[in-house]
There are 2 protein chains.
Amino acid sequence: MPHHQRADARRNYARILAVAEREVAAHGADASLERIARVAGVGSATVRRHFPGRAALLEAVFHERIEALCARAAASVDAVDARAALLDWLDGFTEYAASARGMAEALAQDRLVEPERVSACSVQLEQAVEPLLRRAAESGAVARDVTAADLLTLVTGIALATERHADPAAEGRRLLELTVRGISPVR
Amino acid sequence: MPHHQRADARRNYARILAVAEREVAAHGADASLERIARVAGVGSATVRRHFPGRAALLEAVFHERIEALCARAAASVDAVDARAALLDWLDGFTEYAASARGMAEALAQDRLVEPERVSACSVQLEQAVEPLLRRAAESGAVARDVTAADLLTLVTGIALATERHADPAAEGRRLLELTVRGISPVR
DNA sequence: GTACGATACGGAGGGCCCCGCCGTTTAGCA
DNA sequence: TGCTAAACGGCGGGGCCCTCCGTATCGTAC
């Protein structure tokens, strides 16, 4: 079969991606591309060839995780309690972002750099929450003027602001809860 | 009078700070220190001498602005409507962060690097909102379990997430409003 | 007015990183 | 097995950050 990716290219791609995951987990979104290349045992040019630009690498790194989140959203779209489903998903996202260093940064980046690409992580996520949000809104459990983009921006912001706290997951959950119920006291 | 800062040192300090303000406004929190030095017409070592580390520079850049915010808080601590005063301040902060590029980043940084320094921006801000928050809580307009740190983290997060949006100020205000009233519909 | 000491300056050099170029290797098909 | 295009990786340029150290300058004392 002609015009297909060569076998070694595929292998290097996998190698690099594997190293990149560890490296990003360790050093955040601004991990050294050169270092990744060294550890993976390839030239730095090869990294740039497979992933043009840091954004592309980050996207690949978080791709499956993002998909997992999307799948989760799809799974709970038929839940009985629409509001609970939405909140649960947001909670999952927050917890996730807290454990996956650099993801929030990466999201914040690509969402404004190329807001049109369908494969962009932020777009996928948006499309994933949208049904959840709509159902919740229809059942009257969530305000009408809230958009999926709003929600993503909010949780991304929370993730960014808590990323280097002592206990990001706990802080994130706490802030998300505040955001959901509002700062005002329970009526 | 001995043991005082030399005159040229003072001048260079001012020069650098002035350039740094423009440079940070243009390129965000990770503006090039070397470039600042070049534009200011001093050696790069001189910049590092006056401001050891990027954090110190950013702190100096935003210092007066932060103080302005603190003053604003102090001024409205005796307002009739405690809740309105608090929300107004938060709104001001958000608008401010939207216009001052890099400030949110800088805040997020120093708040976890050195949470004990009294002169640290985040600490000052925290102390400034605290009275506002307490009064609002006492009047029952704000939930009791909300801390000043929570509020700052939230608005910082919003600022971070909206920093490079098309219209950061508008987006920030919108998200802040959502956060304040909660995502749930008005009862 | 001058000479001295402390203070502040800035250039040089090393390390790391990102990027683009280009000669060389190698996989895959004939 | 030979050929071609795909893929590789080393090299050099440019930047940034940082440290060190010789030197210029300020401020003061004489």
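Small disclaimer: the values here were computed from a predicted structure and weren't measured. In what follows, chains carry the letters A, B, and so on, assigned in the order in which the sequence lines appear, proteins first and then strands, with residues in each chain numbered from 1.
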Worksheet item: Going 5' to 3' along nucleotides 8-18 of chain C, which nucleotides have protein heavy atoms under 4.0 Å from the base (write B), which only from the sugar-phosphate (write S), and which from neither (write -)?
Response: SBBB-----BB
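Between B:Asp150 and A:Ile183, the closest side-chain pair of non-hydrogen atoms is not below 4.5 Å.
The two residues B:Ala79 and B:Arg135 have their closest heavy-atom pair at O-NH1, 2.9 Å.
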Would you be so kind as to tabulate the donor-acceptor pairs closer than 3.5 Å made by side chains of residues 8-19 of chain A, with sequence neighbours excluded?
{"from": "A:Asp8", "atom 1": "OD1", "to": "A:Arg6", "atom 2": "NE", "distance (Å)": "3.3"}
{"from": "A:Asp8", "atom 1": "OD2", "to": "A:Arg6", "atom 2": "NH2", "distance (Å)": "3.0"}

Taking only distance into account, with no hydrogens and no angle test, what donor-acceptor pairs under 3.5 Å do side-chain atoms of residues 37-49 of chain A form with protein atoms, sequence neighbours excluded?
none

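Atom pair A:Arg11:CZ and C:dG28:C1' shows a separation of 15 Å (rounding to whole Å applied). C:dC19 atom P lies 11 Å from atom CG of A:Leu57, rounded to whole Å.
Under a cut-off of 6.0 angstrom, the local environment of CZ in A:Arg54 is crowded, with over 12 non-hydrogen atoms contributed by other residues, nucleotides or ligands.
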